[in-house]
Protein chains: 2
Amino acid sequence: PPTLNPTTNEPPTPPTDHRTLAQTQDLFLTSPYSPGSPLFLPNGSSIFNKLQSFLRAQYPQFGFKEVVTPTIYKKSLWELSGHWENYAKDMFEVKGRGFTGQTENAEPGQDEEFGLKPMNCPGHCLIFASKQRSYRDLPIRYADFSALHRNEISGALSGLTRVRRFHQDDAHIFCRPSQILDEIKRTLDFVGMVYDTFSLGPYKLLLSTRPEKNFIGSIADWDKAESQLKTALSASGREWSINEGDGAFYGPKIDIILRDSNGKEHQTATIQLDFQLPQRFQLSYQAPPEDLEAASTSTEDTTLEAGSARPVIIHRAILGSLERFMALLIEHYAGSYPFWLSPRQLVILSLNQDPAVLAHVEKLQAQLSGANASTLPNGLPAPLPLDRTNVIVDIDTSARSLGKKLRDAKKGGWNFIAVVGPNEVASESLKLEIAGQPESTKAQAMRVLEDALGRDVDGRK
Amino acid sequence: PPTLNPTTNEPPTPPTDHRTLAQTQDLFLTSPYSPGSPLFLPNGSSIFNKLQSFLRAQYPQFGFKEVVTPTIYKKSLWELSGHWENYAKDMFEVKGRGFTGQTENAEPGQDEEFGLKPMNCPGHCLIFASKQRSYRDLPIRYADFSALHRNEISGALSGLTRVRRFHQDDAHIFCRPSQILDEIKRTLDFVGMVYDTFSLGPYKLLLSTRPEKNFIGSIADWDKAESQLKTALSASGREWSINEGDGAFYGPKIDIILRDSNGKEHQTATIQLDFQLPQRFQLSYQAPPEDLEAASTSTEDTTLEAGSARPVIIHRAILGSLERFMALLIEHYAGSYPFWLSPRQLVILSLNQDPAVLAHVEKLQAQLSGANASTLPNGLPAPLPLDRTNVIVDIDTSARSLGKKLRDAKKGGWNFIAVVGPNEVASESLKLEIAGQPESTKAQAMRVLEDALGRDVDGRK
Ligand SMILES: [Zn+2]
Ligand SMILES: [Zn+2]
């Protein structure tokens, strides 16, 4: 992890609370009208969307397909999934017009209340179950960025860390029992890649195994699954340990425990195996003919047709709650984000109030940020391509002194500060004040700026 | 609009219903567990996300900033906004743990039920109100892709056109009364650009003006606003007409009425002025000193401080409901999407079952789709850049005859079909079967394929 005081032996300064930094940088608001549901301002939304885009960009190489699923489901679905029995007090209950709960001989789903979803799994099970699946189709991996709601008590709510509404980089892997090892290996690779990208770590991996009593599935199934998890953990090359008997009754899990630069531990990613949900939703696939999967899946599982087998579900999230992960990143970077993630990439300061200077500042902002579209023959602006490089550009053209503007810009955490005066108007350029940025960031940012500008930043064409 | 039978005088064939096409192409499901809330499958999610990305890519040039806002707000917010009085029967009501509605002397927001949001406007008003605003900050434009819920009766629900859960490309522009003309012009330009991109149209614009009675605001304010709307409409060069007196009590509006190739009319985009919500939320900005805005905004508006003025809010959506717009696009393109929007860009068919052929098919799929990341020195896969060009590639390596596979691939609406046999294994290439694609699409797609592959598709390096 980046040491905060690299040249001394002093203990690192505790990070500024994310709520304080968020206020300085206009990241989000909270409101008494929706406690625990942060309102992301443009800067916070920019980080939030970049995190989603980053994960989306990785999904093809890990075989995840994104789905978009409902926010509310009828009580009967939550009864099927077991959430109504075990989780109802943490769920918000939703009622629509015409709800009475009193329709006689009602079909499941008719005249019924809804639950606001706390998890995506039941919806993904409905999608899996919507089609006949063969062993050749597996693993099937669904990713989902839906908003989730959990009814935390209001006293516990705080910033982005204890919320009622949040988003996970959630996914469910439906796989054959024999595919667990490979899927866990890939998931641990994904975790490693993502945490390296943000220079987060070190982290340790914690395996929770079969509880003594009241577990579902056969001991043989648990043993096979746990042995695959252990193999994957050893292959990861990371520190890992076992929490014997601490698994959920429906499957073993791996928790990722991140240690921040202040020594504080955060539980972020989770990889949870699930033998139960596939049973509850009667999920199955056509087993391979040469294989005994169908018979061996579970001896107590009598509802399975001959030739069919139950998939295992792996619930996994790499960042976990995007909101909580953002809180962690805000403190980790202390408000100075890497260029690609930053909501404050560049601020252009005017040297004075000369109209030519102000006009050049605005022209540069328009060029860099993508506001200067060309016009088509029909007089309409041309659509910008989906992969256009835009720079997030703020400007300060106030009448204050350059010194004051520079000081505010530095305090505000912009990656780059540019000054425009009469010289820059004459050379059609901008003067970059680069401070406190690593060389690699500088080079990358210059490329992005020149891409967006279509020429060198210093006035050479 | 594209004529379906360009060389004859026969009337065009009515389009296939979007629900039928969606089934053929695996776009979405509906479920009795959440009536009116479509579950988008990977192919449908891909179109859905591309529509969002397309709009996001345009936002910089039109000055919109994205925000991410709550799903539920307490009843007191909906009372403030007026929705509880006028809209409650269309809203879902949400209750959490501890709700009784009986807390004595409760503060607003305490022990209260929530409403599931049917619109984003109140949330955006909270954001506007969170800071002191000056006339120099205006216009402020917030865009929001949040899921919205409206409690339609279950008998009315159908596919993507009549739903309970939907997403709008919603935005609210907070501007000075004198900025209405410019904002409406820009919005009409945005509409024109987007509809041209999808080859949709022609459309007509319909202005609804001040009702005879029970309107809010002064007649002078309405007259000024309507005259700006008329100027913008005339400048658009489109067909437009007036629905005299048909405006809402809180402001005039412009509806965009799209005529599809079958002559059917669709109301998609809306631009709605609002004099009321800024009053209800007590929104204000510091008026310019030389200006009389502060005094002239509204004579009946006595709560405004001296020197302050009320902004006008413009509610606007270009696509309207993304779900309904998708239904329209599915029928408009009859399942054959432009390459960039298509969830079925390429399918690779194996000529036979030779292991070398099958391996080459899978290698090509991995290269084109982004599944073949390079490995870093630490053994982890390298993160893919956010702007990498990926192609959506399906494969058919079944043992069926090539003729059958080709027929299914054509029926399935893939933009490009490639065949791989021993020749292609030898030349490390793929053979594209290009049928029914316009030349411009072919050229664009070849560029994308070669970008993703890092070389020519026909085996030349
Ligand atoms: Zn889950
Ligand atoms: Zn609105």
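Lettering follows sequence order; numbering is per chain, from 1. Computed from a prediction, not measured in an experiment: that's the story for all the values here.
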Chemist: Where on B:Phe48 is there a heavy atom nearer than 4.5 Å to chain A: the side chain, the backbone, both, or neither?
Modeler: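 The side chain, not the backbone.
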Chemist: Is it the case that more than 12 heavy atoms not belonging to B:Lys185 sit under 6.0 Å from its NZ atom?
Modeler: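 No - once you tally the heavy atoms of other residues, nucleotides and ligands closer than 6.0 Å, there are 12 at most.
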Chemist: Indicate the atoms forming the closest heavy-atom contact of B:Gln345 with B:Asn390, along with that distance.
Modeler: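 The pair with the smallest heavy-atom distance is OE1-O, 4.0 Å.
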Chemist: Between chain B and each of A:Pro383, A:Gly192, A:Ser37, count heavy-atom pairs under 4.5 Å; write down the option with the most.
Modeler: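 Between A:Pro383, A:Gly192, A:Ser37, the count favours A:Pro383.
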Chemist: Can you tell which of B:Pro70, B:Ser34, B:Ser31 has the highest number of heavy-atom pairs within less than 4.5 Å of chain A?
Modeler: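 The candidate making the most pairs under 4.5 Å is B:Pro70.
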Chemist: Taking every non-hydrogen pair under 4.5 Å, which of B:Pro381, B:Pro385, B:Ala57 racks up the most with chain A?
Modeler: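 It is B:Pro381.
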Chemist: A:Gly36, A:Ala147, A:Ser146, A:Ser130: which one forms the most heavy-atom pairs within less than 4.5 Å of chain B?
Modeler: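 Answer, by heavy-atom pair count under 4.5 Å with chain B: A:Ser130.
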Chemist: With a 4.5 Å heavy-atom cut-off, do A:Arg238 and A:Pro202 have their side chains touching?
Modeler: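 No, too far: nothing below the 4.5 Å cut-off.
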Chemist: Can you tell me which portion of A:Ala143 sits under 4.5 Å from chain B's heavy atoms? Options are side chain, backbone, both or neither.
Modeler: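 Contact with chain B is absent: no heavy atom of A:Ala143 under 4.5 Å.
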Chemist: What part of B:Leu116 gets within 4.5 angstrom of chain A, counting heavy atoms only: side chain, backbone, both, or neither?
Modeler: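 Contact with chain A involves the side chain of B:Leu116 alone.
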Chemist: Is A:Leu77 in contact with chain B via its backbone, its side chain, both, or neither, using a 4.5 Å heavy-atom distance?
Modeler: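 Both parts, backbone and side chain.
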Chemist: Using heavy-atom distances under 4.5 Å, tell me whether B:Gln365 contacts chain A through its side chain, its backbone, both, or neither.
Modeler: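 Contact with chain A involves no heavy atom of B:Gln365 at all.
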Chemist: Can you say whether the rings of A:Phe190 and A:Phe64 are parallel (under 30°), tilted (30 to 60°) or perpendicular (over 60°)?
Modeler: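 Rings of A:Phe190 and A:Phe64: tilted, 30 to 60°.
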Chemist: Tell me, do A:Trp84 and A:Glu79 make a side-chain contact under 4.5 Å, heavy atoms counted?
Modeler: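 A:Trp84 reaches A:Glu79 side chain to side chain.
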Chemist: Heavy-atom distances under 4.5 Å only: say whether B:Ser53 touches chain A with side chain, backbone, both or neither.
Modeler: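 Backbone plus side chain of B:Ser53, per the 4.5 Å heavy-atom cut-off to chain A.
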Chemist: Does any heavy atom of chain B fall under 4.5 Å from the side chain of A:Phe114, the backbone, both, or neither of them?
Modeler: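 For A:Phe114, the side chain is the part near chain B, not the backbone.
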Chemist: Minimum heavy-atom separation for A:Phe166 and A:Pro118, please, with both atom names.
Modeler: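 Shortest heavy-atom separation between A:Phe166 and A:Pro118 comes out as CZ-O, 4.5 Å.
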Chemist: Using non-hydrogen atoms and a 4.5 Å limit, figure out which bit of A:Phe62 sits close to chain B: side chain, backbone, both or neither.
Modeler: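 Contact with chain B involves the side chain of A:Phe62 alone.
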Chemist: Between A:Pro122 and chain B, with a heavy-atom cut-off of 4.5 Å, which part of the residue counts as in contact: side chain, backbone, both or neither?
Modeler: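 The answer is neither part of A:Pro122.
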Chemist: Where does B:Leu376 contact chain A at under 4.5 Å (heavy atoms): side chain, backbone, both or neither?
Modeler: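 No part of B:Leu376 comes within 4.5 Å of chain A.
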Chemist: Mind checking the CD1-CD1 spacing from A:Ile127 to A:Ile140? Nearest 0.5 Å is all I need.
Modeler: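 That separation rounds to 10.5 Å.
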Chemist: Please look at B:Asp189 and chain A and tell me whether the side chain, the backbone, both or neither of the residue comes under 4.5 angstrom of a heavy atom of that chain.
Modeler: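 Both parts, backbone and side chain.
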Chemist: For chain A, find which of B:Asp90, B:Thr71, B:Thr197 contributes the most heavy-atom pairs closer than 4.5 angstrom.
Modeler: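 Answer, by heavy-atom pair count under 4.5 Å with chain A: B:Thr71.
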Chemist: Side-chain contact test, heavy atoms from C-beta onward, threshold under 4.5 Å: evaluate it for A:Val194 versus A:Phe54 and give yes or no.
Modeler: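 SC-SC contact between A:Val194 and A:Phe54 confirmed.
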Chemist: For B:Arg136, which atoms come within 4.5 Å of any heavy atom of chain A: side chain, backbone, both, or neither?
Modeler: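 For B:Arg136, neither part sits under 4.5 Å from chain A.
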Chemist: Nearest heavy-atom pair of B:Val94 and B:Gly115: which atoms, and what distance?
Modeler: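 Heavy atoms of B:Val94 and B:Gly115 come nearest at CG2-C, 4.4 Å.
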Chemist: Give, as side chain, backbone, both or neither, the part of B:Leu29 having an atom under 4.5 angstrom from any heavy atom of chain A.
Modeler: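 B:Leu29 touches chain A through side-chain heavy atoms alone.
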Chemist: By a 4.5 Å heavy-atom criterion (distance strictly below it), what part of A:Leu39 contacts chain B: side chain, backbone, both, or neither?
Modeler: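 Both backbone and side chain of A:Leu39 come within 4.5 Å of chain B.
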Chemist: For each of B:Phe92, B:Tyr142, B:Trp340, tally heavy-atom pairs with chain A at distances under 4.5 Å, and name the one with the top tally.
Modeler: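 Between B:Phe92, B:Tyr142, B:Trp340, the count favours B:Phe92.
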Chemist: Which atoms of A:Asn43 are under 4.5 Å from chain B, going by heavy atoms: the side chain, the backbone, both sets, or neither?
Modeler: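 Looking at A:Asn43, nothing touches chain B.
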Chemist: Should the pair A:Asp26-B:Lys131 be classified as a salt bridge under the 4.0 Å nitrogen-to-oxygen rule?
Modeler: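 Salt bridge flag = yes for B:Lys131 with A:Asp26.
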Chemist: What residue pairs, at least two apart or across chains, pass side chain to side chain donor-acceptor pair (under 3.5 Å) with a residue in residues 57-69 of chain A?
Modeler: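 Sorted result for residues 57-69 of chain A: A:Arg56-A:Glu66, A:Gln58-A:Gln61, A:Glu66-B:Asn49, A:Thr69-A:Lys117, A:Thr69-A:Asp144.
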Chemist: Need one label for A:Gln52: side chain, backbone, both or neither, based on atoms under 4.5 Å from any heavy atom in chain B.
Modeler: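 Nothing of A:Gln52, per the 4.5 Å heavy-atom cut-off to chain B.
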